[in-house]
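Throughout, protein chains are lettered first and strands after them, A, B, ... in sequence-line order, and every chain is numbered starting at 1.
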Amino acid sequence: MTSVLNFYERVWRLTRQIPRGRVSTYGLLAKALGQPRAARAVGNALNQSPGMPQVPCHRVVRGNGQIGGYALGTAAKAKILRQEGLQIGPKNKVVNFDKVLYTGFFKK
DNA sequence: ACGGTGACGCTCA
DNA sequence: TTGAGCGCCACCG
């Protein structure tokens with residue numbers, strides 16, 4: 001049967017686990033949800049996520065290290081990430097992407 | 001039920 | 001390395 005939580009809610013819940021100063025990717029989130037092909041849907045979920053709550057959707061980036069999209073614009077996203085101590089290089093790529101990538105999602 | 005949409009990812013050229 | 005093409009998927013009229 002379908003889980004108690006819908007897809008979007010599960011995406012938001014996982015996203016909360018990403019620590020400050022680190023990032024994860026849409027694809028990894030999808031995998032953690034048990035649907036490795038749903039990276040695109042994950043992006044939709046974060047886009048639709050209410051801005052208020054503690055869902056750090058700005059910490060979710062592309063698999064290649066580029067920061068990807070953001071409801072308030074990629075510029076705003078880059079700014080926030082810099083405020084959290086991350087460095088954004090040319091082409092909007094996260095510097096030391098492999099070092100700050102978070103993959104330790106807790107299964108739920 | 002069906003086709004369109006989009007904060008993606010992988011495969012080449 | 002960089003960009004075009006195409007597949008994928010949950011949602012929305």
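The separation between A:Gln48 atom CD and B:dG6 atom P is 11 Å, rounded to whole Å. Summarising the geometry, the separation between CG on A:Asn47 and C1' on C:dA10 is reported as 13 Å, rounded to the nearest angstrom. At whole-Å resolution of the value, OH in A:Tyr70 and C1' in B:dA7 are 10 Å apart. As a whole-Å value, the separation of A:Leu14 CG from B:dA7 P is 21 Å.
Among the heavy atoms of the strands lying under 4.0 Å from A:Ala71 is at least one base atom, whether or not backbone atoms are also near. Nucleic acid contact class of A:Gln35 (heavy atoms, under 4.0 Å, all strands): sugar-phosphate only.
Linking Ile, Leu, Val, Met, Phe, Trp and Tyr whenever their side-chain heavy atoms come within less than 4.5 Å puts A:Tyr8 and A:Val42 in one cluster. The hydrophobic cluster containing A:Phe7 also contains A:Val60, counting ILVMFWY residues as joined when their side-chain heavy atoms lie under 4.5 angstrom apart, directly or transitively.
Atom CD of A:Gln83 has more than 12 heavy atoms from other residues, nucleotides or ligands within 6.0 Å. Environment of CZ in A:Arg82: crowded, with over 12 heavy atoms of neighbouring residues, nucleotides or ligands closer than 6.0 Å.
The closest donor-acceptor contact from the side chain of A:Trp12 to the backbone of A:Cys57 lies at 3.5 Å or more, if one exists at all. Judged by distance alone, with hydrogens and angles left aside, the side-chain atoms of A:Asn96 form no donor-acceptor pair with the main-chain N or O of A:Lys99 at under 3.5 Å.
The pair A:Glu84-A:Arg22 fails the salt-bridge criterion, with no side-chain N (NZ, NE, NH1 or NH2) lying under 4.0 Å from an Asp/Glu carboxylate O.
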Report all interatomic pairs (protein N or O, nucleotide N or O of nucleotides 11-13 of chain C) with separations under 3.5 Å.
none

Close N or O pairs between protein and nucleotides 9-13 of chain B (under 3.5 Å):
from: B:dG9; atom 1: OP1; to: A:Gly27; atom 2: N; distance (Å): 3.1
from: B:dG9; atom 1: OP1; to: A:Gly63; atom 2: N; distance (Å): 3.4
from: B:dG9; atom 1: OP2; to: A:Gly63; atom 2: N; distance (Å): 2.9

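Across every non-hydrogen atom of A:Ile18 and A:Ser24, the tightest pair is CD1-CB, 3.7 Å.
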